[in-house]
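First comes the structure, then the notes that go with it.
Both backbone and side-chain heavy atoms feed into the values below; hydrogens, waters and symmetry mates do not. Nothing here was measured: the structure is a model prediction, and the numbers come from that model.
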Amino acid sequence: MKTYRIACIPGDGIGQEVVPAGQAVLEALAASQSAFRFVFTPFDWGGDYYRRHGRMMPVDGLEQLRGQDAILFGSAGDPDIADHITLWGLRLKICQGFDQYANVRPTRILPGIDGPLKRCPPGALDWVIVRENSEGEYAGVGGRVHQGQPIEAATDVSVMTRAGVLRIMRFAFRLAQSRPRKLLTVVTKSNAQRHAMVMWDEIAQEVSREFPDVRWDKELVDACTARMVNRPASLDTLVATNLHADILSDLAAALAGSLGIAPTGNIDPERRYPSMFEPIHGSAFDIMGQGLANPVGTFWSCVMLLEHLGEAAAAARLMAAIESVTADPALHTRDLGGQARTADVTRAVCARVAAPQPVPQPA
Ligand code: NAD
Ligand code: MN
């Protein structure tokens, strides 16, 4: 039997509710078969750790994670600590330290979910957004001078490298090629940003020649938001910069019904380091500690984790269990207009992975 070592980092807010739920679902899945098992290692990093130690994770934190096969992450963000400290001190430290340069964000409207796109036929919204996850607008380059003075100035400099753009474009074209429609949209803003984004477009053009069977187009990021709403079926795989994809994927999640459903993987495609899987939502201060958090985004992230480990059959089984649960409105949490609690949804998914049921198809 194979053993997978999984690091669990719940972090802050509802991360502390959804990550244990994800672990419970993975445990139920492992118990239902004999091909693999999990060894989970918890890490108590985040806001509380910061209050005790003055940092979000230990100095040798990355070393502690290095031997793991994958990381299941919750959220970084504490009501009493500045967001740039929590984000840069934990999540970005891991993403950048482990060079998880491809951030993959699938979006679909799951069975039973009432999305806001009323004119959208079932199946018309089925996207994967690939986010450049290592540089660009979030490179961390910049500074502040004359702080507090009238002449104060500050910069956040977006840095794009040829190597960084090449590798994310290749990853996105390869992913588009692996999906049935073989369709990629390169999101850009090269009309207004006339240096790095022009290079981005040029490299997309170069890489496209390596993938003659992939159809691709270019869309300006602002126009892309409208296209997502008005013509969702015209999109399949998208690739965008760190900032653009950050924003587009929250829009995608909302169009698919709720921020609470959307998953993501921070992936090192070269597998030099562990990859990290997490729901895209944050700490949700307004509902934390109340058992109201929707755990589906974490469960779907567990599906991506299983796919990354090469356990495609187990991943498909978990996805089927999730879809059979979303199909039942009695198992919808409050963000979906229901009354179910985190524990109800978790119990239902655990029961269904133990005893698989057919997935209801949309009418
Ligand atoms: P948020 O995602 O935490 O919450 C936005 C809204 O969506 C809230 O109303 C919340 O209740 C709701 N929501 C989110 N997830 C939900 C779920 N699973 N179930 C039900 N409802 C859910 O975003 P925010 O309010 O902008 O940020 C709060 C904190 O989280 C900030 O500190 C921010 O920096 C941090 N954050 C962290 C990450 C991360 O670690 N990956 C991502 C986004 C935000
Ligand atoms: Mn975001």
* Could you please spell out the steps behind the side chain to side chain donor-acceptor pair (under 3.5 Å) verdict for Arg227 and Ser234? => CA-CA 8 Å; Arg227 180 166 164 193; Ser234 74; 2.8 Å; yes
* side chain to side chain donor-acceptor pair (under 3.5 Å) between Asp217 and Thr185, intermediate numbers included -> CA-CA 5 Å; Asp217 60 11; Thr185 298; 2.8 Å; yes
* **Criterion side chain to side chain contact (heavy atoms under 4.5 Å, CB included) on Leu184 and Arg215, from CA distance to verdict** => CA-CA 6 Å; Leu184 178 69; Arg215 276 185 303 140; over 6 Å; no
* **Pair Arg91-Phe73, side chain to side chain contact (heavy atoms under 4.5 Å, CB included): steps then yes or no** => CA-CA 8 Å; Arg91 188 177 165 277; Phe73 188 81; 4.0 Å; yes
* To do: Before giving the answer on salt bridge (Lys or Arg N to Asp or Glu O under 4.0 Å), spell out for Arg52 and Asp44 the whole-Å C-alpha distance, their side-chain angles and the decisive distance to 0.1 Å.
  => CA-CA 11 Å; Arg52 291 196 304 274; Asp44 64 345; 3.1 Å; yes
* Test Tyr138 against Gln96 for side chain to side chain donor-acceptor pair (under 3.5 Å), laying out the working first. => CA-CA 10 Å; Tyr138 299 174; Gln96 299 196 345; over 6 Å; no
* **side chain to side chain donor-acceptor pair (under 3.5 Å) between Asn103 and Thr264, intermediate numbers included** => CA-CA 7 Å; Asn103 182 218; Thr264 182; 2.5 Å; yes
* To do: Walk me through it: do Met199 and Ser190 pass the test side chain to side chain contact (heavy atoms under 4.5 Å, CB included)?
  => CA-CA 9 Å; Met199 181 179 81; Ser190 48; over 6 Å; no
* Apply side chain to side chain contact (heavy atoms under 4.5 Å, CB included) to the pair Cys302 and Leu72, showing each step before the final yes or no. => CA-CA 8 Å; Cys302 291; Leu72 181 62; 4.1 Å; yes
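Residues Val303 and Phe36 share a hydrophobic cluster, clusters being chains of Ile/Leu/Val/Met/Phe/Trp/Tyr side chains in contact below 4.5 Å. No chain of hydrophobic side-chain contacts below 4.5 Å, direct or via other Ile, Leu, Val, Met, Phe, Trp or Tyr residues, connects Met288 to Val296. Taken together through direct or relayed side-chain contacts under 4.5 Å among Ile, Leu, Val, Met, Phe, Trp and Tyr, Leu92 and Ile85 form parts of separate hydrophobic clusters. No chain of hydrophobic side-chain contacts below 4.5 Å, direct or via other Ile, Leu, Val, Met, Phe, Trp or Tyr residues, connects Val159 to Trp200. A continuous path of ILVMFWY side-chain contacts below 4.5 Å connects Leu26 to Met319, so both sit in one hydrophobic cluster.
Atom-to-atom distance recorded for Leu243:CG and Arg131:CZ is 8.5 Å, nearest 0.5 angstrom. A distance of 5.0 Å separates CE of Met228 from CG of Leu248, quoted to the nearest 0.5 Å. Atom CD of Glu311 is separated from atom CZ of Arg317 by 11.0 Å, given to the nearest 0.5 angstrom. How far CG of Asp344 is from OG1 of Thr333: 10.0 Å, rounded to the nearest 0.5 Å.
No salt bridge links Glu202 with Arg162; every basic N to acidic carboxylate O contact stays at or beyond 4.0 Å. Residues Arg144 and Asp156 are not paired through a salt bridge, judged by the lack of any N-O separation under 4.0 Å between the basic side chain and the carboxylate. A salt bridge does not link Asp69 with Lys2: every distance from a Lys NZ or Arg NE/NH1/NH2 to an Asp or Glu carboxylate oxygen is 4.0 Å or more. Salt bridge status for Arg51 with Asp78: present, with a side-chain N to carboxylate O gap under 4.0 Å. In summary, Arg167 and Asp99 engage in a salt bridge, as defined by a charged side-chain N under 4.0 Å from a carboxylate O.
When side chains are defined from C-beta on, Val221 does not count as touching Thr241, because their heavy atoms never get closer than 4.5 Å. Counting heavy atoms from C-beta on, the side chains of Glu210 and Phe173 never come closer than 4.5 Å. In this structure, the side chains of Thr326 and Trp300 stay at 4.5 Å or more apart for every pair of heavy atoms. Looking at Leu238 and Cys224, their side chains come closer than 4.5 Å, going by heavy atoms from C-beta outward. Annotation: side chain of Val186 is in contact with side chain of Trp216 (closest heavy-atom distance under 4.5 Å). The side-chain heavy atoms of Val165 and Glu135, taken from C-beta on, include a pair separated by under 4.5 Å. The side-chain heavy atoms of Val187 and Leu220, taken from C-beta on, include no pair separated by under 4.5 Å. Side-chain atoms of Ser75 and Glu278, non-hydrogen and from C-beta on, never get closer than 4.5 Å to each other.
Ser134 and Glu132 form a side-chain donor-acceptor contact under 3.5 Å, judged by distance and modelled atom types alone. Side-chain contact, Thr346 with Arg341: no donor N or O sits under 3.5 Å from an acceptor N or O. A donor-acceptor pair shorter than 3.5 Å can be found between the side chains of Asp60 and Gln64.
Closest of all the heavy-atom pairs between Val18 and Pro279 is CG2-CG, 4.4 Å. Minimum heavy-atom separation, Gly89 to Lys93: O-CD, 3.8 Å. Nearest approach of Ile14 to Ala284, heavy atoms of both residues: CD1-CB, 3.6 Å. Nearest heavy atom pair, residue Pro263 against residue Ile280, reads O-CG2, 3.6 Å. Heavy atoms only, all atoms of each residue included: Cys120 and Ala124 are closest at SG-CB, 3.6 Å. The shortest non-hydrogen separation linking Tyr49 to Arg55 is CD2-O, 3.0 Å.
At least one donor-acceptor pair under 3.5 Å links the side chain of Glu17 to the backbone N or O of Gly291. Using a distance-only test at 3.5 Å, with no hydrogens or angles considered, a donor-acceptor pair links the side chain of Ser283 to the main chain of Gly77. Between the side chain of Glu63 and the main chain of Val59, no donor-acceptor pair closer than 3.5 Å is present. Gln68 contributes a side-chain N or O that, together with a main-chain N or O of Ala7, makes up a donor-acceptor pair within less than 3.5 Å. Panel note: side chain Ser275, backbone Ala70; no donor-acceptor pair is recorded below 3.5 Å. With Ser258 contributing its side chain and Gly260 its backbone, the two residues share a donor-acceptor pair below 3.5 Å. Proximity of a side-chain donor or acceptor of Asn294 to a complementary backbone N or O of Ile261 within less than 3.5 Å is not detected. Side chain of Glu152 to backbone of Gly148: a donor-acceptor contact under 3.5 angstrom is found.
Applying the 6.0 Å contact sphere to CD of Gln339 captures no more than 12 heavy atoms from other residues, nucleotides or ligands. Within 6.0 Å of atom CZ in Arg272, more than 12 heavy atoms from other residues, nucleotides or ligands are found, so the atom counts as buried in its surroundings.
The aromatic rings of Phe171 and Tyr101 sit perpendicular, their planes meeting at an angle over 60°, well past the 30° parallel limit.
Arg5 forms no cation-pi arrangement with Phe38, by the criterion of a distance under 6.0 Å to the ring centre and an angle within 45° of the ring axis.
Screening Leu255, Asp236, Thr237 for a side chain to side chain contact (heavy atoms under 4.5 Å, CB included) with Trp127, the sole residue that qualifies is Leu255. A side-chain hydrogen bond (donor to acceptor under 3.5 Å, both in side chains) with Asp126 is found for one member of Arg108, Arg181, Arg179 and no other, namely Arg179.
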